[in-house]
Amino acid sequence: MYIGEGGIEADAIDQVLQSRKAFANAVQALDTEGVRSMEAQDMTRLYRTVMEQALGKDMVVSSLACGLSVCLGSVQKGSEFDDSWAHTFLDHEAIKVFGFVQAEDRLGHTHERRFLFSMDPELPAVIVHLAP
């Protein structure tokens, strides 16, 4: 899906994160895939719980779906995000997060950050292809 050799393909996931429709479809697809795996369901519950605890009361986890290697989701807030919004979650001792990619959107007065991250040590990086 968004996985290349050794990590998350930035070009592929950026297109999804920038489009509301593509993002909603991708979350639904990952959620459907996750329903077939108890481990993926457990990971979704764990990461959602940690996110909700780490992010505080002014942010809402509006979507989150995990497969066996990656999670895709979004967080919403009534004001702008600062650049360090995800650090409390990413640095939480109960989880391991590897490559992390995000995009920002605004829905009326609501600010949203869409993201994808790896929870698989075999996918530790975000792969960016440079133009020749």
Side-chain angles (χ1 to χ4, degrees):
M1 182 158 75
Y2 317 107
I3 300 170
E5 189 173 323
I8 298 166
E9 290 281 349
D11 292 342
I13 192 58
D14 279 345
Q15 292 176 15
V16 171
L17 295 176
Q18 296 293 335
S19 165
R20 290 178 190 163
K21 184 176 180 178
F23 176 76
N25 290 340
V27 169
Q28 180 62 44
L30 191 56
D31 192 49
T32 299
E33 177 186 315
V35 167
R36 293 184 278 244
S37 166
M38 288 300 292
E39 185 178 353
Q41 292 173 36
D42 289 344
M43 297 306 285
T44 300
R45 279 190 293 275
L46 171 65
Y47 279 82
R48 178 178 288 276
T49 299
V50 170
M51 285 185 86
E52 288 172 346
Q53 291 172 354
L55 295 178
K57 297 179 193 281
D58 65 332
M59 291 184 234
V60 175
V61 179
S62 55
S63 64
L64 184 67
C66 298
L68 297 176
S69 297
V70 297
C71 290
L72 179 66
S74 62
V75 173
Q76 293 181 343
K77 182 177 175 177
S79 59
E80 289 188 32
F81 286 83
D82 63 33
D83 290 336
S84 64
W85 76 271
H87 288 282
T88 55
F89 163 67
L90 296 172
D91 297 336
H92 199 281
E93 62 190 30
I95 59 169
K96 297 282 187 206
V97 174
F98 298 95
F100 180 84
V101 181
Q102 66 177 326
E104 185 173 5
D105 196 6
R106 187 167 176 175
L107 313 160
H109 295 293
T110 302
H111 296 261
E112 181 175 66
R113 289 286 175 109
R114 299 183 194 124
F115 55 84
L116 178 132
F117 60 83
S118 167
M119 52 196 179
D120 184 344
E122 297 292 317
L123 302 170
V126 176
I127 301 166
V128 178
H129 298 282
L130 301 176

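Predicted model, so just to flag it, every value in this text is computed and none were measured.
Listed by chain and number, the residues in a side chain to side chain contact (heavy atoms under 4.5 Å, CB included) with Arg106 are His109, His111 (sequence neighbours excluded). In terms of the side-chain hydrogen bond (donor to acceptor under 3.5 Å, both in side chains) criterion, Thr88 has no residue partners (sequence neighbours excluded). Listed by chain and number, the residues in a side-chain hydrogen bond (donor to acceptor under 3.5 Å, both in side chains) with Asp91 amount to none (sequence neighbours excluded). The side-chain hydrogen bond (donor to acceptor under 3.5 Å, both in side chains) search around Gln76 returns Glu112, not counting sequence neighbours. Scored by the salt bridge (Lys or Arg N to Asp or Glu O under 4.0 Å) test, Asp58 finds Lys77 as partners (sequence neighbours excluded).
Applying the side-chain hydrogen bond (donor to acceptor under 3.5 Å, both in side chains) test to every pair with at least one member in residues 19-31, sequence neighbours left out, gives these pairs: Arg20-Asp105, Gln28-Thr32.
Residues Ile13 and Leu116 approach most closely at CD1-CD1, 3.7 Å, considering heavy atoms. Closest heavy-atom contact between Ala65 and Leu30: O-CD2, 3.1 Å. The two residues Phe98 and Pro121 make their nearest non-hydrogen contact at CE1-N, 3.5 Å. In terms of heavy atoms, Glu33 sits closest to Gly67 at OE2-CA, 4.4 Å. Minimum heavy-atom separation, Ser69 to Asp120: OG-OD2, 3.3 Å.
With rounding to the nearest 0.5 Å, the separation of CZ in Arg113 from CE in Met59 is 9.5 Å.
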Return a table of donor-acceptor pairs under 3.5 angstrom between the side chains of residues 42-50 and protein atoms on other chains or two or more places apart.
unit_1 : atom_1 : unit_2 : atom_2 : d
Asp42  : OD1    : Arg45  : NH2    : 2.5
Thr44  : OG1    : Ala40  : O      : 3.0
Thr44  : OG1    : Cys66  : N      : 3.1
Tyr47  : OH     : Lys96  : O      : 2.8
Arg48  : NH1    : Val61  : O      : 3.3
Thr49  : OG1    : Arg45  : O      : 2.9

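Between the side chain of Arg114 and the backbone N or O of Ala103, no donor-acceptor pair lies under 3.5 Å.
Side-chain contact, Asp82 with Ser84: a donor N or O sits under 3.5 Å from an acceptor N or O.
Trp85 has its side chain within reach of Gln102: a pair of non-hydrogen atoms, C-beta onward, lies under 4.5 Å apart. Using a 4.5 Å heavy-atom threshold, the side chains of Phe89 and Phe115 count as separate.
Considering Ile95, Leu64, Leu90 in turn, Leu64 is the only one that fulfils the side chain to side chain contact (heavy atoms under 4.5 Å, CB included) rule with Met51.
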